[in-house]
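Starting from 1, each residue takes its place in the sequence as its number. Only this structure's heavy atoms are used, side chains among them; waters, hydrogens and symmetry mates stay out.
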Amino acid sequence: MERYVKKADRFDWTLTLLLILFFLISCVAIYSAQTSAQYDENFLVKQVFWYAVGAGIILVSIFIDSYQYKRLSWYLYGLGLLLLLAVFLAPESIAPHRNGAKSWFIIPKLGSIQPSEFVKTFLILALSRVITTHQEKHLEKSLKTDFRLLCKLAITTAVPLGLIMLQPDLGTALVILSILTGMILLSGITWKIILPIYSFSASLAGLIFYLVLQKPEFLEKYLHVQTYQFNRIYAWLDPNNHSTSSSYHLLKSLSAIGSGLISGKGFSQREVYIPEAHTDFIFAVIGEEYGFVGGSIVIGLFFMLIYHLIKTSLETTDPFNTYVCTGIISVLTFHVFQNVGMTIQVLPITGIPLPFISYGGSSLMGNMFAMGLVYSIRYHHRTYMFSSEKSFSS
């Protein structure tokens, strides 16, 4: 017998508190970052606007249950592919090249929109449907059925991945691969298939890394890798001896975070200039002004968010919801690890923002849509009398 639960109790207040804290941190950090350089735009006002739009996206998303999302998944996936194809084929006046990539649509008075930020969530929905549909049809697992599932996931991912690489956008491509990896690991595919594939992938990555360091001319000739992509690796490994834009950003970031020491210099007391600090290098702003303590608090909040998503994925009895949460966890984990890692020289620099904190309308709206899915899962929660188990509507 189903037990009635008040709407207020079905609302995810924990997630709301975390998003409010991220909003406050984002506003403070962006306000400080934009005062250290001459900008014609007020990024703080725009960030507040995009947060308001994101809140609207959540309010719409929350009233659509997982059954409807499952039905819409292929339509959203197709829409994402059309947007990626459109941005690639659009003229320069509508979709100009920026920093060597053609990834944005220009919208007058609003700025730019990056379709790939929405494709991440659309892909999560599509892959979740692929897995659940496959498992419903093949109740008895075998090497053959697992291999078929792996092929389905790979093909579904390969199409948007290929369009993103045509832009080219290496950072987003890595995020797409992180989604696929998370989905494969939780899909139940046997390790007899997964282990050889990932061992080969790791060996191939090691070989490419060796070629970048020792035989870059081979990659230039046969794989048409651009010189600036090598520079990112060189700047990461030895920033002091490579005077590229990447090494400049990295050295400034290390100087800013290092000078923040334990407690930081205080609000708006920054001394190290970092170009475009309000976007990808927003963590360096936080590290300089609030030191190790401030940076740890931010990372701690992300851990709390990921823990909350893991808890949601474990509590739901609907497999589709579990896989949706898995994809979102994969995206957020990779974003945070990559963004923070590149500011402290743990990882190479890529154009990946810090979720909910870096300035960016597309990134924020894409993340808010993902959070809308989590709100929906929680909102359509059902409990049953005479049962200790919790379930979510499907």
Side-chain angles (χ1 to χ4, degrees), residues 66-67 69-82 84-85 116 119-166 168-170 172-211 222-223 309-310 313-314 316-334 337 370 373 377 394:
S66 60
Y67 175 74
Y69 279 120
K70 191 173 182 179
R71 291 183 58 189
L72 292 171
S73 58
W74 285 121
Y75 296 102
L76 293 174
Y77 176 81
L79 173 62
L81 296 183
L82 288 176
L84 290 177
L85 186 61
S116 58
V119 170
K120 297 173 187 176
T121 308
F122 296 163
L123 178 62
I124 289 171
L125 291 172
L127 292 178
S128 299
R129 180 168 178 175
V130 168
I131 297 172
T132 52
T133 302
H134 176 89
Q135 291 177 341
E136 289 168 359
K137 290 182 178 179
H138 302 88
L139 298 179
E140 294 186 7
K141 289 180 52 181
S142 66
L143 282 174
K144 185 177 181 180
T145 59
D146 282 0
F147 185 74
R148 284 181 180 177
L149 175 56
L150 181 63
C151 291
K152 292 176 184 177
L153 295 176
I155 293 171
T156 304
T157 305
V159 181
L161 179 63
L163 291 172
I164 289 171
M165 288 302 294
L166 286 175
D169 187 350
L170 178 61
T172 303
L174 292 174
V175 176
I176 296 298
L177 290 176
S178 74
I179 295 173
L180 176 62
T181 300
M183 292 298 212
I184 289 175
L185 292 177
L186 206 69
S187 64
I189 295 176
T190 177
W191 281 97
K192 294 179 181 179
I193 296 176
I194 295 178
L195 191 58
I197 291 176
Y198 279 96
S199 297
F200 173 77
S201 300
S203 300
L204 181 61
L207 175 61
I208 293 175
F209 189 72
Y210 169 79
L211 292 174
Y222 294 103
L223 297 182
L309 297 179
I310 293 174
S313 69
L314 293 175
T316 177
T317 57
D318 184 345
F320 179 79
N321 289 338
T322 299
Y323 295 122
V324 168
C325 289
T326 299
I328 296 173
I329 291 167
S330 300
V331 170
L332 291 177
T333 302
F334 184 82
F337 185 70
L373 298 179
I377 293 171
S394 59

Item to check | Intermediate values then yes/no, side chain to side chain contact (heavy atoms under 4.5 Å, CB included), Leu72 and Phe122 | outcome: CA-CA 10 Å; Leu72 292 171; Phe122 296 163; over 6 Å; no
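- Tyr198 OH: more than 12 foreign heavy atoms inside a 6.0 Å radius.
- Distance check: His138 NE2 to Glu140 CD gives 11.0 Å after rounding to the nearest 0.5 Å.
- Each of Ile124, Ile131, Leu125 was checked for a side chain to side chain contact (heavy atoms under 4.5 Å, CB included) with Ser128, and the lone residue meeting it is Ile124.
- Contact detail for Ser187 and Ile184: the closest heavy-atom pair is OG-O, 2.8 Å.
- Heavy atoms only, all atoms of each residue included: Thr326 and Gly182 are closest at CG2-O, 3.6 Å.
- Scanning all heavy atoms of the two residues, the minimum distance from Tyr323 to Gln135 falls at OH-NE2, 3.0 Å.
- Listed for the Asn321 side chain is no donor-acceptor partner under 3.5 Å among the backbone atoms of Ile377.
- The CG atom of Asp169 sits 12.0 Å away from atom CG of Leu163, with the distance rounded to the nearest 0.5 Å.
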Checklist entry - Are Thr172 and Lys120 close enough, and set up right, to give a side chain to side chain contact (heavy atoms under 4.5 Å, CB included), and what steps lead you there? => result CA-CA 9 Å; Thr172 303; Lys120 297 173 187 176; 4.0 Å; yes
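- For the atom pair Leu123 CG and Ile179 CD1, the distance stands at 5.0 Å (nearest 0.5 Å).
- Here the shortest heavy-atom pairing between Gly188 and Asp146 reads O-OD2, 3.9 Å.
- Without hydrogens or angle criteria, Thr145 side chain to Lys141 main chain gives no donor-acceptor distance under 3.5 Å.
- How far CD1 of Ile189 is from CG of Leu195: 13.5 Å, rounded to the nearest 0.5 Å.
- Formation of a donor-acceptor pair under 3.5 Å by the Thr132 side chain with backbone atoms of Arg129 is found in this model.
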Checklist entry - Yes or no on side chain to side chain contact (heavy atoms under 4.5 Å, CB included) for Thr156 and Tyr77, after CA distance, side-chain angles and deciding distance? => result CA-CA 9 Å; Thr156 304; Tyr77 176 81; 3.8 Å; yes
Checklist entry - How far apart are the C-alpha atoms of Trp191 and Leu185, what are their side-chain angles, what is the distance that settles it, and do they pass the side chain to side chain contact (heavy atoms under 4.5 Å, CB included) test? => result CA-CA 9 Å; Trp191 281 97; Leu185 292 177; 3.8 Å; yes
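- Looking at Leu149 and Val130, their side chains come closer than 4.5 Å, going by heavy atoms from C-beta outward.
- In this structure, CG on Leu174 lies 4.5 Å from CG on Leu170, to the nearest 0.5 angstrom.
- Asp318 and Ser66 share a side-chain donor-acceptor pair at under 3.5 Å.
- Under the 4.5 Å side-chain criterion, counting only non-hydrogen atoms from C-beta, Ile197 is in contact with Leu150.
- Side chain of Thr316 to main chain of Ser313: no donor-acceptor pair is present (N/O by atom type, distance under 3.5 Å, no hydrogens or angles).
- Atom CG of residue Leu207 and atom CG of residue Leu211 lie 4.5 Å apart, to the nearest 0.5 angstrom.
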